Amino acid sequence: MIILPESWEDVVVRLLRMSETRLPDDVSWALEAAAAWEGGDIARSQLGAILDNSSKAEFVSRPMCQDTGLPVFFVKGRIPVDIEDSIAAGVRKATKDIPLRPNAVDPLSRENSGDNVGSGVLVHYRPMDVPYTEITVLPKGAGSENMSRLAMLTPSDGEDIIKDFVVRTVLQSGGRPCPPTIVGVGIGGTADACMALAKEALLMPLDSRNPDERLRKMEEDLFIKLNSSGLGPMGLGGDTTVLGVRIKMASCHTASMPVAVNLNCWAARRATARMHIDGSVRYTQGAFE
Ligand code: SF4
């Protein structure tokens, strides 16, 4: 979709509306495929309810879940100096217009700012020498975000121990992250960079191939293992515990082995806008490249 010039504030409102009211195609297809292969009646009815809920949300342009999440942004390319103010203004407007549930609170007083911004928006930056700016929003519900885990393994721990940690994290989460989930895994970096990798892994569409053959094999192994666990949709039993596993990796210290897991619930909301230097904007819920 190409839209003529808009302000960054309008772009952010549009991104939030897209992501909150419509599932990305790859996620819808994965849910439909799961509903077709599920063996159990309860699991099939849960998946049917999720698909029915999603299509109704899209039809009436209302959020697909009552927890509209805390919006996490990724900005890459040319970084405008006032982008953070524009994002905050867009989030405030979207909170009123869509509307979104106000979720941002002071962590100690628990006072709600009422605007989903609070002390500031959450933004990850990647400056690049390209003729555009790209913004992605990933609204994260607490049910899935609260199940995030980081393990500082030992350098000699190999693939099997990494996979055990991921499987244990998903199974110990039970039904709390509203499965079927998408499992984002970060391997390497430092503790903070590893958590960011796990979250960025959730942006990889389910129908894209991991460019690293070793990670692709790990994603497939984990997908089979997790879907053989019997946890199932909403943790009520079944063949579909996860819709996909996505892994990102970075170099780490020779004496470190960080591994992070960040889960996304079935309401795997995301949308991206790319604004070119002529001001035209393209939108996708997948990936541009
Ligand atoms: S985990 Fe996801 S689907 Fe479940 S309540 Fe939170 S946002 Fe909604």
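Please read all numbers here as calculations on a predicted model, not as lab measurements.
The 12-atom threshold is not exceeded at CD1 of Ile42, counting heavy atoms of other residues, nucleotides or ligands nearer than 6.0 Å. More than 12 non-hydrogen atoms from other residues, nucleotides or ligands lie less than 6.0 angstrom from NE2 of His124. Within 6.0 Å of the CD atom in Glu32, the count of heavy atoms belonging to other residues, nucleotides or ligands exceeds 12. Heavy atoms from other residues, nucleotides or ligands lying under 6.0 Å from NZ of Lys225 number 12 at most.
At a threshold of 4.5 Å between non-hydrogen side-chain atoms, the residues Arg176 and Asn146 do not count as touching. With a 4.5 Å cut-off on side-chain heavy atoms, Ile162 and Asp157 do not count as touching. With a 4.5 Å cut-off on side-chain heavy atoms, Val12 and Val137 do not count as touching. Using a 4.5 Å cut-off on side-chain heavy atoms (C-beta onward), Arg246 and Ser208 make contact. Taking 4.5 Å as the limit, some side-chain heavy atom of Pro180 sits within range of a side-chain heavy atom of Ile50. Counting heavy atoms from C-beta outward, Trp266 and Asn53 have side chains that approach closer than 4.5 Å. Looking at heavy atoms from C-beta onward, Thr68 lies out of side-chain contact with Ile98 at the 4.5 angstrom threshold. Between Asp41 and Arg44, the closest side-chain pair of non-hydrogen atoms falls below 4.5 Å.
Minimum interatomic distance between Val245 and Phe223 (heavy atoms only, all atoms of both residues): CG2-N, 3.9 Å. Contact detail for Gly143 and Asp67: the closest heavy-atom pair is N-OD2, 4.5 Å. Across every non-hydrogen atom of Met195 and Val261, the tightest pair is CE-O, 4.3 Å. Contact detail for Leu16 and Ser19: the closest heavy-atom pair is O-OG, 3.1 Å. Smallest separation of non-hydrogen atoms from Asn227 and Val242: OD1-N, 2.9 Å. Across Lys140 and Val72, no two heavy atoms sit closer than the pair CG-CG2, 4.2 Å.
Using a distance-only test at 3.5 Å, with no hydrogens or angles considered, no donor-acceptor pair links the side chain of Arg214 to the main chain of Asp212. Judged by distance alone, the side chain of Glu219 and the main-chain N or O of Ile247 form a donor-acceptor pair under 3.5 Å. Between the side chain of Ser61 and the main chain of Glu58, no donor-acceptor pair closer than 3.5 Å is present. In this structure, Asn116 contributes its side chain and Leu70 its backbone to no donor-acceptor pair below 3.5 Å. Checking side-chain atoms of Asp115 against main-chain N and O of Arg92 turns up no donor-acceptor pair under 3.5 Å. Within the 3.5 Å criterion, the main-chain N or O of Thr272 finds no donor-acceptor partner in the side chain of Thr136. In terms of modelled atom types and a separation under 3.5 Å, the side chain of Thr284 and the main chain of Gly286 share a donor-acceptor contact. In this structure a side-chain-to-backbone donor-acceptor pair under 3.5 Å is present from Thr241 to Gly232. Under the 3.5 Å distance criterion, the side-chain polar atoms of Ser280 are left unmatched by any main-chain donor or acceptor of His276.
Here the straight-line distance linking atom CG of Leu263 with atom SG of Cys178 works out to 11.0 Å at 0.5 Å rounding. A distance of 10.0 Å separates CD1 in Ile79 from CZ in Arg126, rounded to the nearest 0.5 Å. Note that CG of Asn262 and CD1 of Ile182 are 11.5 Å apart. Values are rounded to the nearest 0.5 Å. Here Ser173 contributes atom OG and Leu231 contributes atom CG; the two are 8.5 Å apart, rounded to the nearest 0.5 Å. Taking CG of Leu243 as the start and CG of Asp26 as the end, the distance is 9.5 Å to the nearest 0.5 Å. Considering CH2 of Trp37 and OG1 of Thr240, their distance stands at 5.5 Å, rounded to 0.5 Å.
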key: Candidate pair Met257 and Ile187, rule side chain to side chain contact (heavy atoms under 4.5 Å, CB included), full reasoning   = CA-CA 7 Å; Met257 184 53 179; Ile187 303 176; 4.0 Å; yes

inquiry  = Could you walk me through whether Leu138 and Asn264 satisfy the side chain to side chain contact (heavy atoms under 4.5 Å, CB included) test, starting with their C-alpha distance in whole Å, then the side-chain angles of each, then the deciding distance to 0.1 Å, before giving a yes or no?
reply    = CA-CA 10 Å; Leu138 179 73; Asn264 215 353; 3.8 Å; yes

inquiry  = Please determine whether side chain to side chain contact (heavy atoms under 4.5 Å, CB included) holds for the pair Met218 and Val185, giving the CA-CA distance in whole Å, both sets of side-chain angles, and the decisive distance to 0.1 Å.
reply    = CA-CA 10 Å; Met218 283 178 81; Val185 180; over 6 Å; no

Tyr125 vs Ile83, side chain to side chain contact (heavy atoms under 4.5 Å, CB included): CA-CA, chis, key distance, verdict = CA-CA 11 Å; Tyr125 293 100; Ile83 194 69; 3.8 Å; yes

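For Arg282 and Glu134, the salt-bridge test fails: no basic side-chain N is under 4.0 Å from an acidic carboxylate O. For Lys217 and Asp221, the salt-bridge test passes: some basic side-chain N is under 4.0 Å from an acidic carboxylate O. Look at Lys93 and Glu9 and you find no salt bridge, because none of the NZ, NE, NH1 or NH2 atoms lies under 4.0 Å from a carboxylate O. Look at Glu213 and Arg216 and you find a salt bridge, because one of the NZ, NE, NH1 or NH2 atoms lies within 4.0 Å of a carboxylate O, short of that distance.
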